[in-house]
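Protein chains get the first letters and strands the later ones, always in sequence-line order, with residue 1 at the start of each.
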2 protein chains.
Amino acid sequence: MPRQGARAGAGVQAGRAPVTLAQIARQAGVHVSTVSRALSTDDDVRNGVATETATLIRTLAEELGYQRDPAGAALRTGRSRMLGVLVPRLTDIVLATVYEGIDAAAAAAGYHTVVANTSDDPQLQRRRADALLARRVDGLVLGDARSDSDLVAELARQHIPLVLVSRRLPGRVSVTADDLLGGRLAGEHLLDLGHERVAVVAGEPYASTGAERTQGFLDAFAEAGLPVPESHVVRSPFDVPGGRAAAEHLLSLRPRPTAIFAVNDFAAIGVMAAVRDAGLLVGRDVAVVGYNDVPLAAALPVPLTSVSSPMYRMGELAATTLINMLNGKPARSRRLRPTLVARASTLAGGPLGTDG
Amino acid sequence: MPRQGARAGAGVQAGRAPVTLAQIARQAGVHVSTVSRALSTDDDVRNGVATETATLIRTLAEELGYQRDPAGAALRTGRSRMLGVLVPRLTDIVLATVYEGIDAAAAAAGYHTVVANTSDDPQLQRRRADALLARRVDGLVLGDARSDSDLVAELARQHIPLVLVSRRLPGRVSVTADDLLGGRLAGEHLLDLGHERVAVVAGEPYASTGAERTQGFLDAFAEAGLPVPESHVVRSPFDVPGGRAAAEHLLSLRPRPTAIFAVNDFAAIGVMAAVRDAGLLVGRDVAVVGYNDVPLAAALPVPLTSVSSPMYRMGELAATTLINMLNGKPARSRRLRPTLVARASTLAGGPLGTDG
DNA sequence: CCTCCCTTCGCAATCGATTGCGATGAGGCT
DNA sequence: AGCCTCATCGCAATCGATTGCGAAGGGAGG
């Protein structure tokens, strides 16, 4: 007799006494399998139980406070009802917002999520993904897909259900914002204001977000007959110091750009700092456009013009798409429409001359 | 014969074929129980296996890529090796940083974490906690403890292992920063600069963080013989609009305060906005002190003086404390020391006169 | 009145890992 | 040489939920 008494792993919490199917079965005078069926969420299964038996069991379960043991269910079914989520970092409010959407939609569908930070580091991505898989998550939502890594391809080869979010990758199911359009919106906004000499803080090349926002922006100017020279497009990390350093370089160019588009609000804040440090005024001497429209953008001393994407909704859609996949339904990629929010960082001074 | 073939829940991912103890046992020519013992992390258990048998099994497991099935282990042991974490919101960089620390320390100890947002809403706190418990987490880290709610007491009554983080509650094990000291540091800093008429944006009363920071600040001024009148202490949400609204009120007082302490950086940013809106200059006309020293504080147009607490470390300690509890070791509360980082928002203009 | 069918349940195996106890064997001791 | 001890390992039960199959029961139709 392996067990001597109560629960083995009860450990510290002596008080908990989880209700099991067997207890309900005993009280209801039926077999445990009947209870399982009555409590099933699957209609086909539940229909095998007489209505009055089912309601009896249902109310009994309610009274006793029954909660299905996920370990038992997972062991038998092979599905954990847990989703793994990989993000570059949760301290980035953009990804944190996406994650909140993911978690909300997952919870609504009876799934839990487990997140992990990868710092955009390929080694960490692999390690974290393995850890999640070891936890037997049913699928993955990847918010940190890199175009220069083959991790996603490997996971796909193992037939692991996955959905990309925020960043795209050719041939993979993803839920993203239309970054190409977003970049174009930023470009057209500056064109409307009369800017002709502009520059781009383009983010990291391995992220489709930065790459496509940049491309959309460049497209707009190219189509307007004002192609942006390559020297005016610089890569940079997606943060304040990164944007600041990039802008310091761009502001040293002669003639100086009259506007700078940063593919990320934090980089844009760094750009604004560099503009001030150069003794210039944001919005009058140099227009600045950011991307993501984080809450802070509107609260800055010079409110930041930014492109807004439905990040929370993106997370929700990513989760539901993955869950549909798990249920065998076909899944398709989605691209959500961004909008531009114009503020003082581009409007303060009105259009600048071509030789300001 | 309930099963017809391969794995039942394989679902979409047809490729995965998890290695089990039984497979290793077969290849090693030993019983599955021996494999289990050889692979155990518990030394007492592993010592029951001969060294060479153990190494054989260990290398075999490595080659086959064995990963313990958490469901099987959890079912038998009653422990899921999962920790539940409750935070007000993950989009708050402060809590996100704490959570990163929690997750890192948990992962290092072989635990996974599951987070949930509660929006500081008592109803949601209960629901999320229940959901986590239904998932059979081994313990909880609560980052959203409210002094006006009895949820924590209820959980404790059920003997659920838990540790508070960030916010304290009397009689509970917690890992926090010394907010009383932090508030005092802010107060002493302003006293050193000669301020005599100050005000406080005190945050929400149910959070020990805001309450204690405020108290420490008031203590410093009271001990200096310059008690702050109640009318100069206003509560507010921990965000930009909240700080802005509170500051608009405070700036309308006559004589106007020469300095404002906000118990949270985002509220402080709102304060700075209100100061600007009033046509005043932050750091010269009105000094502003924030709290938490978020990365953005240093990047603001007028860099923000702020009290810095080791948030990541706080998360790490909270997780290890909880895990120690789970292992039956005694746990004690910890209070980490904050430090003040002085910047232009208090230094720009030097001390102001008493009738500025 | 008998037979057939359908609804409703029970039976029992099963998922993978853990663990108390007992069996086996080797070695040392008297 | 016989017995005892200890190290090592196997046996089998067990955690809780799920599910294919079969049985029992009731009702309807011939």
Side-chain angles (χ1 to χ4, degrees), chain A residues 1-10 16-26 28-42 44-57 61 66-81 134-136, chain B residues 1-10 16-26 28-42 44-57 61 66-81 134-136:
Chain A
M1 228 169 290
R3 287 299 184 76
Q4 59 278 67
R7 289 183 55 91
R16 275 207 268 175
V19 183
T20 68
L21 285 188
Q23 296 176 33
I24 300 178
R26 207 175 310 128
V30 298
H31 193 264
V32 49
S33 64
T34 304
V35 180
S36 173
R37 275 186 266 257
L39 263 28
S40 171
T41 52
D42 185 346
D44 297 345
V45 174
R46 198 173 37 207
N47 286 341
V49 180
T51 313
E52 54 180 340
T53 309
T55 51
L56 166 66
I57 292 175
Y66 171 76
Q67 313 215 85
R68 173 188 289 109
D69 186 327
L75 182 58
R76 177 59 221 252
T77 64
R79 303 185 59 164
S80 63
R81 296 189 78 84
R135 260 291 159 189
R136 302 291 202 272
Chain B
M1 226 169 295
R3 288 299 183 77
Q4 59 278 67
R7 290 183 54 88
R16 275 209 268 177
V19 182
T20 69
L21 284 188
Q23 297 177 32
I24 300 179
R26 206 174 310 128
V30 297
H31 194 264
V32 48
S33 64
T34 305
V35 180
S36 174
R37 275 185 267 258
L39 262 28
S40 171
T41 52
D42 185 346
D44 297 344
V45 174
R46 198 172 36 206
N47 287 340
V49 180
T51 313
E52 56 181 340
T53 309
T55 50
L56 165 66
I57 292 175
Y66 171 76
Q67 311 215 86
R68 173 187 292 108
D69 186 329
L75 182 59
R76 178 57 221 256
T77 65
R79 303 185 60 164
S80 64
R81 296 189 80 82
R135 260 291 159 188
R136 301 290 201 272

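- Between Ile24(A) atom CD1 and Leu39(A) atom CG the span is 5.5 Å, to the nearest 0.5 Å.
- We find the CG-CD1 distance between Leu21(A) and Ile57(A) to be 9.5 Å, quoted to the nearest 0.5 Å.
- Taken from CZ in Arg68(B) to OG in Ser36(B), the straight-line distance is 7.5 Å, to the nearest 0.5 Å.
- One finds a side-chain N or O of Ser36(B) lying less than 4.0 angstrom from the OP1 or OP2 phosphate oxygen of dT18(C).
- Each of Glu52(A) and Pro70(B) was assigned the nucleotide of DNA chain C with the nearest heavy atom; the assignment lying further toward the 5' end belongs to Glu52(A).
- Across the protein-nucleic acid pair, Leu39(A) atom CG and dC9(C) atom C1' stand 16 Å apart, rounded to whole Å.
- At the phosphate of dG10(D), OP1 or OP2 sits under 4.0 Å from a side-chain N or O atom of Thr34(B).
- Of the side-chain N and O atoms in His31(B), one or more sit less than 4.0 angstrom from OP1 or OP2 of dC11(D).
- Taking only distance into account, the side chain of Arg37(A) meets the base of dG10(C) through a donor-acceptor pair shorter than 3.5 Å.
- Residue contacts for Val35(B): at a heavy-atom cut-off of 4.0 Å it reaches no nucleic acid atom on any strand shown.
- An OP1 or OP2 oxygen of dT18(D) is reached within less than 4.0 angstrom by a side-chain nitrogen or oxygen of Arg68(A).
- With axes fitted over five pairs at each extremity, the angle between the ends of the helix from dC1(C)-dG30(D) to dT30(C)-dA1(D) is 60° (10° resolution).
- For Thr53(A) against dC9(C), no side-chain N or O and base N or O form a donor-acceptor pair under 3.5 Å.
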